[in-house]
Amino acid sequence: MNAVEALVAQIQGLSGSVADLSHLHNLLKQADDSLLNESTRLLPFLDQLDPSKHSLGYLFILRACSSGPISKEQAGELVLIFSRFISSCAAEQIRLAPEKFISVCKRFKDQVMLLEAPLRGVGPMLTAVRKLQSSSEHLTALHPDFLQLALLAKCYKTGLSVLEDDIFEVDQPRDLFLYCYYGGMICIGQKCYKKALELLHNAVTAPMSTVNAIAVEAYKKYVLISLILNGQFSSSLPKYSSSVAQRNLKNLCQPYIELATSYSSGKISELETFVQTNEEKFESDNNLGLVKQVVSSMYKRNIQRLTQTYLTLSLQDIANTVQLNSSKEAEIHVLQMIQDGEIYATINQKDGMVRFLEDPEQYKTCEMIEHIDSSIQRIMVLSNKLTAMDEHMSCDPLYLAKAGRERQRYDFDDFDTVPQRFNI
Amino acid sequence: MEGEDDSAGPMIDEIYANGGDDTNHKRPIISGEQLDIEAYAGLYVGRTKIMRLLFISDHCGNPAMQVEALRMAYDEIKKSENTQLFREVVQKIDGRLGPKYGVDNAWCEMVDRRADQRKEKLENELNAYRTNLIKESIRMGYNDFGEFYYSHGALGDAFKSFVRTRDYCTTSKHIVQMCTSAILVSIEMGQFTHVTSYVSKAEQTPEALDPVTAAKLRCAAGLSHLEAKKYKLAARKFLEVGPELGTSYNDVIAAQDVATYGGLCALASFDRMELKSKVIDNISFRNFLELVPEVRELINDFYSSHYASCLDYLGNLKANLLLDIHLHDHVETLYDLIRNKALIQYTHPFVSVDLCMMANAFKTSVSRLEKELEALITDNQIQARIDSHNKILYARHADQRNATFQRVLQTGNEFDRDVRSMLLRANLIKHDYNSKSSRKL
């Protein structure tokens, strides 16, 4: 017990400068095992520490005292301590021990889940993600947990704020899969299908050596979203996706591929019968809602196609061609699409005619120029990044060593031997 | 077969009910002028005559015509030595032509026995030539074998024998002979890939081909393109056939066929310029067209934009074309292509078209025309939009500037997305590789 008291004193004393902190870190690491043994009696000591000043020490002790099994009553109290700590801790201190911080946050998530109050976890988790991140391009291990909580709490907007950052650095591939999958679902919830498709696409095409369940589920949603957004789906994955994904994903999601085939026929009745016969499968995958959206997107797609061919068309004719029950229903669809900016048209209610117009965008306005300019800027930044990455890659000793090994040892074009390994 | 017989009954009634001159009838077979089998068969000689007659009997669905075709096929086979085909035909006739057209076992046995003797003799001769190593004689021997197999209906063996002569060819004339024989057999077998390769082989011989052979080769090439649904190439080949062809290739194709096949393929695939320069102003092809005035007329009508009468001619011809051994598979496709071409050509020069007038010109209803136009517009073959309220078709002029802006923005977005996911993947691979190598250490 005295050892803990001494440790607390040291934490209080050594939380000032950077040098002190690293010394403290060492001390804490040594004391970690003994702390774990004492885990049940540590809670009172936390009161002696200030989470904002003594973040590192607080972190170690908090981790130790939450490592044991926790009852539901305790959880309520702990969650408060956790969220207070997360919101007030100093980012530079906790980044010294990221694994500990991650495990604390994961425990926190478990508690919140135990209490069945995911909403309580969303805010603190977002803070935790931001504090742990070294830059906005960094995908932390906490991203998936945060997104999961946001998804469960239906806080899609909060979730989107994280998804807006472009991710480049990844610690664990599993984090990326989960990030893309949950992120995709959040975007679907917000009806940002474009972003959702991008995230799911990343999950499906990410390098993998074996098929994983996350990718399979992501693929199912990927098929559905492609249909809703683009009205088509090519069952062959791009060349850069891993061969495992190319070979197996299709076979694991047969009903979805068949759905896409049936969609491509353009016949609404065919699609509906197919959905009805396979309803159970979609239901058990929790994708039935999306499947229904796929069906209704077909009406839109067919109406959109009509705008290509007709200048004017009566509502009755629209209803007939896209197989809607009445002209009233057609009117609702057309109206909705005009509102969403998916078609340009005017409805003449007197004659029951719809007049389709051309896209009024003339690409002449200031906003458009600004939009184009910002796109150019964005792409230039991206292109610089690409060049930098390429340069970095071509200097990477590991890469060169591998490339050197894979090449023939003697290149006949030049007589220099290709080095087998760089010793840098 | 039985199914067709059953359906034939009511159809005869229809013929009579319509007085036999209803040209726009839905059933494809019945037309104003029923195919004159006798005249048709007279155009051909040899195996193709029999095969064409059998084809007609299989597809016409009209018992009287069927029996007539079978009777002529029976007579024709009796003149040849193909006993297997003979038995098939007898089976198809099934006693409908009385005892005169029954199984003639005595004839079969006699032919078979003679065939065996002849085969033995040929084998002996060939062996003798081979031991003496006289190239020319060996070639002749194989050639005889090929002819022998061909006349007995063993096409596979015939093809092999003809091809075998290739090693013993000494002059380009021999090569051409080998090629034409091989082509003949391949066409009968329906192996049109062989036809293409032997045509090109024959055309590669260093000496100039005599005009008749050249015409024959063009016909064969045209047929193989037609079979491969390359209608434009087929049309070109048929149009190049020289008038020297005459009746010399009657064991494969008649001059009338050259006109029909060539004309239809050209209509379906050529644009207006080409149609004028290569078909209408083509003097040598004009000779062929004279043989089939209907085709000549319909091409002229098409060119001078008399679409209604052009489509009428096509409707009249359809029944007979469906009974053509080479063309029947393609009739529907070619007709659709021609009709679409006509529609496109009709709309092309106008800014706006009155659909009622257009429907009159094409002898169809406005709503059906609308559907056809819709399909063509969706297919991006006509740049126009339909004003279905006022029944007017308006040409649509794509705004290049706007389209370019749209494309640029889209491409930019795609690039953006692709690069970002690529960088991410690259990082993942790097991570994977790093973790692998750190595990190794």
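Per chain, numbering begins at 1; letters A, B, ... match sequence-line order.
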Would you say the side chain of [Y] lies within less than 4.5 Å of the side chain of [X], judging by non-hydrogen atoms?
X	Y	result
A/Ser314	B/His389	no
A/Met368	B/Phe405	no
A/Ile379	B/Phe415	yes
A/Arg305	B/Thr378	yes
B/Met422	A/Tyr240	no
A/Thr321	B/Lys371	yes

When the 4.5 angstrom heavy-atom criterion is applied to B/Leu423 and chain A, the contacting part is both
So, the part of B/Lys391 with a heavy atom under 4.5 Å from chain A: the answer is neither
Does any backbone or side-chain atom of [X] lie under 4.5 Å from a heavy atom of chain B? Answer side chain, backbone, both or neither.
X	answer
A/Leu139	neither
A/Thr205	both
A/Glu361	backbone

NZ (A/Lys364) and CG (B/Asn402) are apart, to the nearest 0.5 Å, by 7.5 Å
SG (A/Cys180) and CG (B/Leu424) are apart, to the nearest 0.5 Å, by 6.5 Å
Exercise. Is a donor on one side and an acceptor on the other found under 3.5 Å between the side chain of A/Arg378 and the backbone of B/Asn413?
Worked result: no
Worksheet item: Is there a donor-acceptor pair closer than 3.5 Å between any side-chain N or O of A/Thr312 and the backbone N or O of B/Ser388?
Response: yes
Taking B/Arg385 first and then A/Glu358, would you say they form a salt bridge - that is, a charged N and a carboxylate O separated by under 4.0 Å?
yes
| message | Using side-chain contact (heavy atoms from CB on, under 4.5 Å), reason through B/Leu409 and A/Tyr363 one step at a time and then give a plain yes or no. | response | CA-CA 11 Å; B/Leu409 282 173; A/Tyr363 299 94; 4.0 Å; yes
Ranking B/Asn380, B/Ile377, B/Ile386 by heavy-atom pairs under 4.5 Å to chain A gives rank one to B/Ile386
Could you verify whether a donor N or O on one side chain and an acceptor N or O on the other, from A/Asn202 and B/Arg417, lie under 3.5 Å apart?
-> no
Exercise. Determine, stepwise, if the pair B/Asn427 / A/Met389 fulfils side-chain contact (heavy atoms from CB on, under 4.5 Å).
Key: CA-CA 10 Å; B/Asn427 267 333; A/Met389 175 111 173; 3.7 Å; yes
